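Scroll down for the structure; my scribbles are underneath it.
Since the model is a prediction, treat every value here as computed from it, not as a measurement. Just so you know, these numbers use all the heavy atoms, side chains as well, and skip hydrogens, waters and symmetry mates. Every chain is numbered from 1, with letters handed out A, B, ... down the list of sequences.
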2 protein chains.
Amino acid sequence: MGFSIPEVSIRRLSIYLRCLRQALSRGEEWIQSTELARTCGISSSLVRKDLSYFGEFGIRGRGYRVEKLIKAIEEIIGIDEPIKVIIVGAGNLGRALIRHLQEIPYFRVVGAFDKNASKVGSTVSGVRVYPVAEMEKFSRETSPQIAVLAIPPEGLQETVDMVSRAGIRGVLSFALQGIKVPPGVVMNYVEIASEIEFLSYKIKKGSVA
Amino acid sequence: MGFSIPEVSIRRLSIYLRCLRQALSRGEEWIQSTELARTCGISSSLVRKDLSYFGEFGIRGRGYRVEKLIKAIEEIIGIDEPIKVIIVGAGNLGRALIRHLQEIPYFRVVGAFDKNASKVGSTVSGVRVYPVAEMEKFSRETSPQIAVLAIPPEGLQETVDMVSRAGIRGVLSFALQGIKVPPGVVMNYVEIASEIEFLSYKIKKGSVA
DNA sequence: TTGTTTAAGTTATAACTTTCACAAAAACCA
DNA sequence: TGGTTTTTGTGAAAGTTATAACTTAAACAA
C-alpha cells in the first residue's frame with residue numbers, strides 16, 4: 001500500500017480536467033477512456049491507470065460521467081474550493097500574471113507584493129500591491145495557499161524564505177535558480193527561456209535529420 | 001546506434017547552463033560533476049550521463065572547463081546564434097513576454113502579432129505589433145524560428161496552422177488545448193494554471209500526511 | 001619514471017512508467 | 001432470464017530513466 005503516485009500522473013489530471021470541461025461544454029454527458037485519451041493525446045490505458053491511482057470513477061461498459069469525473073478530479077487536486085494565490089513581484093510579468101490568473105474561476109489572487117515603493121499601493125485587476133514587509137501580516141489575516149514569484153533570480157532565495165516564514169507552502173517560480181527550499185515547502189519552476197531552448201534543440205535536430 | 005536521447009536530458013541541459021553561467025560569473029574556471037549536480041539539485045551520475053549523450057566534454061581527474069562546457073551546451077541547444085522569436089497575441093501576457101524575452105541576450109523578439117486592430121502599430125520594448133495577416137510576409141523576410149503564443153485557447157488551432165504555414169517550426173503555447181499539430185512543427189505547452197494545480201495537490205497531500 | 005589520487009565516462013542494476021492483455025462488471029437485447 | 005456487447009479496472013510485461021558501481025584517463029608528487 002505504501003506506494004507513491006507518479007508525479008506525471010498528477011500532472012496529467014490537469015490535462016484531463018481541461019478536456020473534460022470541454023466535453024461538458026459540448027454537452028457530452030458520458031465519456032470513454034478512449035475518447036478522453038484521444039482528445040488529450042494520451043493512450044487510453046494510461047488514462048485508466050492514472051485514474052485508478054485515485055479511485056474508481058467509471059462504470060464498466062459505459063464510461064465516465066463527465067460532470068462527476070470533473071468534480072472528482074477537482075477534489076483530488078484541491079480546487080473544489082477556490083485557491084488563494086499571491087503574486088510576488090509586480091513588474092511586467094507579475095502584473096500580467098495577476099490579470100491572467102484572475103480570469104480563472106477557481107483561483108483568487110488575493111494580493112500582490114513588491115519591494116519597489118513606487119509600485120506599492122497600486123491596483124491591478126482589483127488586486128492591491130503591498131510592500132513585501134507586510135507579507136507575514138497579510139498571510140496571517142488572509143491565509144493564501146500559493147505564492148507565484150515573478151522576480152529576478154537574484155532575490156529568489158530571500159523571497160522563498162520569506163514566503164515560507166509567512167506560512168505559504170506552495171511556490172511557483174518563473175526564475176530558475178539553485179536554491180535551498182525550506183522544509184515543508186513545495187517548489188515548482190516555469191522557466192520560459194528553458195522551454196524555448198528545448199524547442200530550439202528539437203527544431204535544430206529535426207532539420208538535420 | 002539508433003537510440004534516442006531522453007527529452008528530460010535535453011531539458012536538463014538548460015538547467016546545467018544556468019548553473020554553469022553562475023559558476024562562470026563567480027570566476028570559477030573548472031567545475032566537477034558533483035558540484036554541478038549539487039547546485040542543480042541533480043545526482044552527479046545523472047549529470048555525467050546526460051552530458052555523455054552529446055559527447056565528451058570533461059577531463060578525467062580534473063572536471064569540466066566551465067567556459068568550454070557552456071559553449072558546448074549552447075551549441076547543442078542551438079543558442080550559439082541568437083534565436084529569432086515572434087510573439088502572437090499582444091495582450092497582457094504577450095506584452096510581458098516581449099519585455100521578459102528581450103532581456104535574454106540569446107533571444108531576439110523580432111515582432112509581435114495581434115488580430116486586434118487597436119494593438120497593431122504599437123511598440124513594446126522596441127518590438128512592433130503587426131496584424132496577424134502579415135505573418136507570412138513577415139516570416140519570409142525575417143525568418144523567425146520560434147513563435148510564442150499568448151492567446152486564448154479558442155484561437156489556438158487556427159493560429160498554429162497559420163504559424164506553420166509561415167514556416168515556423170517551434171511553437172510555445174500558454175494555452176493548453178487538444179489540437180492537431182501540423183507535421184514538422186514541434187509544440188510545447190506552459191500552462192500556469194496546471195502548475196498551480198500541481199502545487200495545490202502537493203500541499204494538500206502534504207498536510208494530510 | 002612510477003605510484004597515487006581524482007573525477008570523467010561507462011556498464012550494470014534498480015526504480016519507475018507505460019503498454020498490453022484480460023478479467024470483471026455493468027448495460028442492453030432478444 | 002441468459003447471452004452478448006461494451007468498457008472499466010488491473011496485474012504482468014515491456015520499455016524507459018535514474019542510480020550505483022566500476023573502469024579509464026589525466027594530473028601530480030615523490
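S52(B) has no side-chain polar atom (N or O) that falls below the 4.0 Å cut-off from OP1 or OP2 of dG9(C). For S33(B), a side-chain nitrogen or oxygen approaches OP1 or OP2 of dA8(C) to under 4.0 Å. A sub-4.0 Å separation between OP1 or OP2 of dG9(C) and a side-chain N or O of Y64(B) is present.
Residues satisfying the side-chain contact (heavy atoms from CB on, under 4.5 Å) criterion with E103(B), sequence neighbours excluded, are absent altogether. Under the rule for a salt bridge (Lys or Arg N to Asp or Glu O under 4.0 Å), R62(A) has no partner lying at least two apart in sequence or in another chain. For S139(A), the side-chain contact (heavy atoms from CB on, under 4.5 Å) partners are P144(A), A166(A), I168(A), not counting sequence neighbours. For D50(A), the side-chain contact (heavy atoms from CB on, under 4.5 Å) criterion is met by S9(A), R12(A), Y16(A), L46(A), Y53(A), not counting sequence neighbours. Partners of R38(A) under the salt bridge (Lys or Arg N to Asp or Glu O under 4.0 Å) rule, at least two apart in sequence or in another chain, are E35(A). For Y130(B), the ring pair (Phe, Tyr, Trp, His ring centres under 6.0 Å) partners at least two apart in sequence or on another chain are F113(B), F138(B).
Under a 3.5 Å cut-off, the side chain of Q102(A) and the backbone N or O of V109(A) do form a donor-acceptor pair.
For the pair Y53(A) and F57(B), both in contact range of DNA chain C, the more 5′-proximal nearest nucleotide belongs to F57(B). Heavy-atom nearest nucleotides on DNA chain D were determined for E7(B) and for I31(A), and the one closer to the 5' end corresponds to I31(A).
A straight line from CG of D50(B) to C1' of dG9(C) spans 13 Å, rounded to a whole angstrom. Note: CG (L36(B)) to P (dG9(C)) measures 12 Å, nearest angstrom. Between the CD atom of E35(B) and the P atom of dA7(C) there is a distance of 11 Å, given to the nearest Å. If you take CZ of F54(A) and P of dT10(D), they are 14 Å apart, rounded to a whole angstrom. Taking atom CG of L51(B) as the reference point, atom C1' of dA8(C) lies 10 Å away to the nearest angstrom.
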Run the side-chain donor-acceptor check on residues 76-85 of chain A: report pairs under 3.5 Å with partners two or more places apart or on a different chain.
unit_1 : atom_1 : unit_2  : atom_2 : d
K84(A) : NZ     : T142(A) : O      : 2.9

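More than 12 heavy atoms of other residues, nucleotides or ligands sit less than 6.0 Å from atom CD of E134(A).
Residues S14(B) and E197(A) have side chains that bring a donor and an acceptor to within less than 3.5 angstrom of each other.
Applying the side-chain hydrogen bond (donor to acceptor under 3.5 Å, both in side chains) test to every pair with at least one member in residues 161-185 of chain B, sequence neighbours left out, gives these pairs: Q157(B)-D161(B). Pairs engaging residues 63-79 of chain B under the side-chain hydrogen bond (donor to acceptor under 3.5 Å, both in side chains) rule: R21(B)-E74(B), E29(B)-R65(B) [sequence neighbours left out].
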Taking only N/O atoms, report every protein-nucleotides 11-15 of chain D pair under 3.5 Å with atom names and distance.
unit_1  : atom_1 : unit_2 : atom_2 : d
dG11(D) : N7     : K49(A) : NZ     : 3.3
dG11(D) : O6     : K49(A) : NZ     : 3.3
dA12(D) : N6     : K49(A) : NZ     : 3.4

Pairs under 3.5 Å (N/O, protein and nucleotides 4-6 of chain D):
none

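Comparing dA21(C), dA8(C), dA18(D) against the side chain of R48(A) picks out dA21(C) as the nearest. The side chain of E56(A) lies closest to dG9(D) when the candidates are dG9(D), dA18(D), dT18(C). Candidate nucleotides dT8(D), dC20(C), dA8(C) were compared by shortest atom distance to the side chain of S45(A), and dC20(C) ranks first.
Less than 4.0 Å separates DNA chain D from at least one heavy atom of each of the following residues of residues 9-30 of chain B: R12(B).
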